[in-house]
Amino acid sequence: MKPLFDHLSAQVSKMTTRTYSTSFSLGIYFLNNRLHNGIYSIYGFVRVADEIVDSFEGYDKQSLLQKFRQETNEAIVNRISVNPILNAFQDTVHRYNIKPELIETFFCSMEMDLEKIQYTPEKYRQYILGSAEVVGLMCLQVFTGGDRKMYDELKLYAMKLGAAFQKVNFLRDMKDDYQLLERSYFPEVDMTAFSGTQKKQIEREIEQDFKIALTGIKKLPASSRGGVYLAYVYYRSLFNKIKKLPPQKIFTERIRINNGKKIGILLNSMLQYKMHWI
């Protein structure tokens, strides 16, 4: 019976999220239960594409990504896939009316990761749009549940939050991106001479994204506000840790927040949320 396979598909997406991201898993936990499967399925879908371009060394990444893209389109058209990740994702696409252009824009950015690109400001904005901002919009489709007026009102804020998360990831992963994957996303930045001035300029950009995003989080429905706020607080905490480090420090290690501290962040953010927004 297909409902049993659909249940399995949802569980695979959930397991994928929990395996790859403790922070997002905690955020999803504090969403209303009816939103869980939709957000798990989006994360699972995005994670698989990201793994293809980042982790599958020694394999034909371009062919694998092309095949995954084709199978995604087929899953959406046919409303089914034997790939549990795609079967869960196509259900979310139809259930919440996620626009095809969001998915296409996402894949365009994933394809950029297959090439050694010298990022100009334009290409940087293009990559951020596809890799992060449209993912924020996919999630917003779930959060607003088909309310087009609310979606349009919150669209900019969702994009800014996705952009902030991605840029923090760029700083966090700078060592591996540059040394292992030979990537440098920030435009007009010489990674061999990364300076405090350049780091502060990037940080000011991220601060502005976070500031705008927080305004939108406060306008989200109660069913999603707490979970999104938790993700926001976690990434702000990671960002604040990175800000305190000298430029060369982020080239020697991947910056993390350990699980014990994540629990502290969780408790503190929920306290703030209850005090100010409920």
For residues Tyr151 and Asn97, is any side-chain donor paired with an opposing acceptor at under 3.5 Å? no

Thr197-Ser195 side chain donor-acceptor pair, cut-off 3.5 Å: no

So with a 6.0 Å cut-off around CD of Gln198, is the heavy-atom count from everything else above 12? yes

Ile52 and Asp113: side-chain contact (heavy atoms from CB on, under 4.5 Å), yes or no, with the steps? CA-CA 10 Å; Ile52 290 172; Asp113 272 336; over 6 Å; no

Pair Tyr119, Tyr124 - check ring-ring contact (aromatic ring centres under 6.0 Å, His included), show working. CA-CA 6 Å; Tyr119 278 89; Tyr124 174 68; 7.3 Å; no

Might you confirm whether atom OH of Tyr29 has over 12 heavy atoms from other residues, nucleotides or ligands at distances under 6.0 Å? no

Would you say the side chain of Ser81 lies within less than 4.5 Å of the side chain of Glu71, judging by non-hydrogen atoms? no

Less than 4.0 angstrom from a charged side-chain N to a carboxylate O is my criterion; do Glu207 and Arg236 meet it? yes

Using the six-membered ring wherever Trp is involved, compare the ring planes of Phe45 and Phe68 and label them parallel, tilted or perpendicular (cut-offs 30° and 60°). parallel

Is the ring pair Tyr43/Phe24 parallel, tilted or perpendicular, if the boundaries are 30 and 60 degrees? tilted

Worked verdict on Glu74 versus Gln70 for side-chain hydrogen bond (donor to acceptor under 3.5 Å, both in side chains): CA-CA 6 Å; Glu74 290 173 352; Gln70 179 182 343; 3.1 Å; yes

Tyr20 and Phe56: same hydrophobic cluster, using ILVMFWY side-chain contacts below 4.5 Å? yes

Take atom CD of Glu57 as the centre, draw a 6.0 Å sphere, and report whether it contains more than 12 heavy atoms from other residues, nucleotides or ligands. yes

Is any side-chain N of the basic residue among Glu133 and Arg125 closer than 4.0 Å to the acidic one's carboxylate O? no

Do Phe239 and Lys243 have side-chain heavy atoms sitting under 4.5 Å apart? yes

Would you tell me whether Ser9 and Asn87 have side-chain atoms, one donor and one acceptor, within less than 3.5 Å of each other? yes

Verify the neighbour count for atom NZ of Lys244: are there more than 12 heavy atoms of other residues, nucleotides or ligands below 6.0 Å? no

The reported gap from CG in Leu129 to OG in Ser109 (rounded to nearest 0.5 angstrom) is 6.5 Å

Determine, using the 4.5 Å side-chain heavy-atom cutoff (strictly less than), whether Val48 and Met15 are members of one ILVMFWY cluster. no

Could you verify whether a donor N or O on one side chain and an acceptor N or O on the other, from Tyr235 and Asn169, lie under 3.5 Å apart? yes

Does any part of the side chain of Ser223, heavy atoms only, come nearer than 4.5 Å to the side chain of Leu35, both counted from C-beta? yes

Can you get from Val12 to Ile80 by hopping between Ile, Leu, Val, Met, Phe, Trp and Tyr side chains that sit under 4.5 Å apart? no

Chi angles and distances behind the side-chain contact (heavy atoms from CB on, under 4.5 Å) call for Ser237, Val233: CA-CA 6 Å; Ser237 300; Val233 170; 4.2 Å; yes

Verify the neighbour count for atom CD of Glu101: are there more than 12 heavy atoms of other residues, nucleotides or ligands below 6.0 Å? yes

Do Tyr234 and Val168 have side-chain heavy atoms sitting under 4.5 Å apart? no

Single-linkage hydrophobic cluster Met110~Leu114, side-chain heavy atoms < 4.5 angstrom: yes

Could you check Lys155 against Asp152 for salt bridge (Lys or Arg N to Asp or Glu O under 4.0 Å), going step by step and ending with a plain yes or no? CA-CA 5 Å; Lys155 183 176 177 180; Asp152 289 340; 5.9 Å; no

Taking CD in Gln62 as the centre, count heavy atoms belonging to other residues, nucleotides or ligands within less than 6.0 Å. Is the count above 12? no

Does Lys149 come within less than 4.0 Å of Glu153, counting only side-chain N to carboxylate O? no

Counting heavy atoms not belonging to Arg95, are there more than 12 under 6.0 Å from its CZ? no

For the residue pair Tyr232 and Phe210, does the interplanar ring angle fall in the parallel (under 30°), tilted (30 to 60°) or perpendicular (over 60°) class? perpendicular

Below 30° counts as parallel, above 60° as perpendicular, anything between as tilted: where do the rings of Tyr40 and His36 land? perpendicular

Residues Thr17 and Gly44: closest non-hydrogen pair is OG1-N, 4.4 Å

Salt bridge present between Arg183 and Asp54 (N-O < 4.0 angstrom): yes

Donor-acceptor contact below 3.5 Å, side chain Gln90 vs main chain Arg79: yes

Check whether any side-chain heavy atom of Phe107 lies under 4.5 Å from a side-chain heavy atom of Thr72, and answer yes or no. yes

Beyond-backbone contact of Thr120 with Pro187, side-chain heavy atoms, under 4.5 angstrom: no

Determine whether the side chains of Ser41 and Thr92 contain a donor N or O and an acceptor N or O closer than 3.5 Å. yes

Backbone N or O of Asp176 within a donor-acceptor pair of the Asp173 side chain at under 3.5 Å? no

Taking the side chain as every heavy atom from C-beta outward, state whether Ile103 and Val93 have any pair of such atoms under 4.5 Å apart. yes

A quick test of your reading: do over 12 heavy atoms of other residues, nucleotides or ligands sit less than 6.0 Å from NE2 of His7? no

Got Tyr96 and Met138 here, is their nearest side-chain heavy-atom distance under 4.5 Å? no

